[in-house]
Amino acid sequence: MTNDFYERVYELVRQIPSGRVTTYGHIAEALGMRSSARMVGWALNAIALRDRQDIPAHRVVNRFGALSGRQHFETPYAMRERLEAEGVQFIGDEVDLSRHLWAP
DNA sequence: ACTTTGACTTGCA
DNA sequence: ATGCAAGCCAAAG
């Protein structure tokens with residue numbers, strides 16, 4: 001059911017190109033729920049629980065580029081390692097959004 | 001059935 | 001400029 005909020009999040013996240021990232025806020029805004037960025041996080045959490053590995057949840061970060069969801073991965077470093085493997089550059093512990101931010 | 005918390009963001013003090 | 005509070009909606013205790 002494409003009307004399901006979760007499914008819409010999945011489709012959008014699936015469209016993030018390799019080496020790019022987006023934020024919870026941008027996804028929420030694209031779905032018409034600008035102030036409900038939290039729900040995006042819940043949807044992604046559901047991805048982890050459902051083993052939806054076809055969805056690159058590691059390419060979704062918070063508005064600062066910080067990997068706030070890393071604790072929900074297999075290991076706290078898996079998220080960053082995957083991003084770096086795609087060529088994403090980090091500034092300290094945060095993604096260089098000015099280079100890699102992707103908007104729907 | 002009610003309360004608390006959460007992979008967030010924005011706004012006001 | 002920094003810090004605290006509120007808003008959003010759903011799930012788990």
Side-chain angles (χ1 to χ4, degrees):
Chain A
M1 181 57 152
T2 55
N3 278 350
D4 287 339
F5 177 70
Y6 283 20
E7 288 300 328
R8 277 188 277 181
V9 172
Y10 299 158
E11 279 192 42
L12 207 141
V13 172
R14 222 175 303 177
Q15 294 170 37
I16 305 174
S18 177
R20 294 293 182 85
V21 300
T22 193
T23 71
Y24 302 96
H26 279 125
I27 293 173
E29 187 175 3
L31 297 180
M33 302 184 77
R34 179 167 101 45
S35 42
S36 298
R38 289 182 162 189
M39 299 300 94
V40 178
W42 276 113
L44 294 180
N45 184 35
I47 291 176
L49 297 177
R50 305 182 84 156
D51 253 343
R52 300 287 295 266
Q53 296 183 351
D54 54 317
I55 300 170
H58 59 277
R59 294 181 187 144
V60 183
V61 300
N62 70 4
R63 75 177 190 84
F64 296 112
L67 309 185
S68 49
R70 67 189 150 190
Q71 285 296 336
H72 291 259
F73 281 77
E74 304 108 33
T75 77
Y77 300 93
M79 192 173 184
R80 174 160 184 167
E81 288 173 358
R82 281 193 181 187
L83 290 173
E84 288 182 326
E86 297 177 353
V88 175
Q89 296 181 3
F90 281 73
I91 300 177
D93 291 332
E94 299 176 357
V95 174
D96 186 351
L97 288 180
S98 64
R99 268 184 62 90
H100 302 290
L101 180 60
W102 177 84

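Because the structure is predicted, anything quoted here is derived from the model rather than measured. In what follows, chains are A, B, ... by sequence order, proteins preceding strands, each numbered from 1. The figures here come from the full heavy-atom set of this structure, side chains too, leaving out hydrogens, waters and symmetry mates.
- Between B:dA7 and C:dG3, the two C1' atoms lie 23 Å apart (nearest whole Å).
- Among the protein residues, A:N45 comes within range of the nucleic acid bases, having at least one heavy atom under 4.0 Å from a base atom.
- Two residues are said to be in side-chain contact when any heavy atoms from C-beta on lie closer than 4.5 Å; A:V95 and A:F90 meet this criterion.
- In this structure, A:F64 reaches neither bases nor backbone, as no heavy-atom distance under 4.0 Å exists between it and the strands shown.
- If you take atom C1' in B:dA1 and the same atom in C:dA10, they sit 16 Å apart, rounded to whole Å.
- Atom CZ of A:R50 sits in a sparse spot, with 12 or fewer heavy atoms from other residues, nucleotides or ligands closer than 6.0 Å.
- Counted within 6.0 Å of CG on A:D93, heavy atoms from surrounding residues, nucleotides or ligands total 12 or fewer; the atom is thus considered open.
- Between A:E29 atom CD and C:dC9 atom P there is a gap of 16 Å when expressed in whole angstrom units.
- The residue A:R34 sits close only to the backbone: its heavy atoms come under 4.0 Å of sugar-phosphate atoms, none of a base.
- In this structure, CG of A:L31 is placed 14 Å from C1' of C:dC8, rounded to the nearest angstrom.
- The backbone N or O of A:F64 lies less than 3.5 Å from a partner atom in the side chain of A:N62, making a donor-acceptor pair.
- What separates CG of A:L44 from C1' of C:dA11 is a distance of 15 Å, to the nearest Å.
- Tested against A:H58 for a side chain to side chain donor-acceptor pair (under 3.5 Å), the candidates A:R70, A:E86, A:E81 yield a single pass: A:E86.
- A nucleotide of DNA chain B counts as in contact with chain A when one of its atoms lies under 4.0 Å from a heavy atom; the first and last such, 5' to 3', are B:dG6 to B:dT10.
- Counting to the nearest Å, the P atom of C:dA12 and the NE2 atom of A:H72 are 13 Å from each other.
- A distance-only check finds no donor-acceptor pair linking the side chain of A:R20 to the backbone of A:W102 [under 3.5 Å].
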